[in-house]
Amino acid sequence: YDPQLRAMWFNFTADDLYRSDVLAGLLGIGVHFLRSLPGLVADNEDGFRHLPLRIALRIGATRLLVLSTVWTAMVLVGLFVAGNAVGLAQ
């Protein structure tokens, strides 16, 4: 994985790649939280302690659902903006 070579080949800067990589990672976190919401009660009963469960116990599952949905939507908008900035809309 050479970002400089990849950036030269596709005609955009390495900073654009890093931005999209970070946004893709943040999208993964949002999707992880959304996918874990349906099983929170069972995970709590089984004694699992993962990050979405810990946050849901602290702020509530409904608030976590809203927060995760807003987070994921904002990251998707960021990905669209970043993609448009490097010319993927052409």
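Residues Leu57 and Arg49 form a side-chain contact, since some pair of their non-hydrogen atoms from C-beta on lies under 4.5 Å apart. The shortest side-chain heavy-atom distance between Asn44 and Leu40 does not fall under the 4.5 Å cut-off.
Residue Val77 is not grouped with residue Trp71 when hydrophobic side chains (ILVMFWY) are merged at heavy-atom distances under 4.5 angstrom, including chains of intermediate members.
Counting Ile, Leu, Val, Met, Phe, Trp and Tyr side chains that sit under 4.5 Å apart, directly or through other members, Met74 shares a hydrophobic cluster with Val66, Val70.
The two residues Leu64 and Pro52 make their nearest non-hydrogen contact at CD2-O, 3.4 Å.
Leu34 is linked by a side chain to side chain contact (heavy atoms under 4.5 Å, CB included) to Leu37, Leu65, Ser68, Thr69, Thr72, counting only residues two or more places apart in sequence or in another chain. Partners of Arg58 under the side chain to side chain donor-acceptor pair (under 3.5 Å) rule, at least two apart in sequence or in another chain, do not exist in this structure. Listed by chain and number, the residues in a side chain to side chain donor-acceptor pair (under 3.5 Å) with His50 are Asp43 (sequence neighbours excluded). Taking the side chain to side chain contact (heavy atoms under 4.5 Å, CB included) definition, one finds that Leu51 meets it with Phe33, Ile55, sequence neighbours left out.
Applying the side chain to side chain donor-acceptor pair (under 3.5 Å) test to every pair with at least one member in residues 25-36, sequence neighbours left out, gives no pairs at all.
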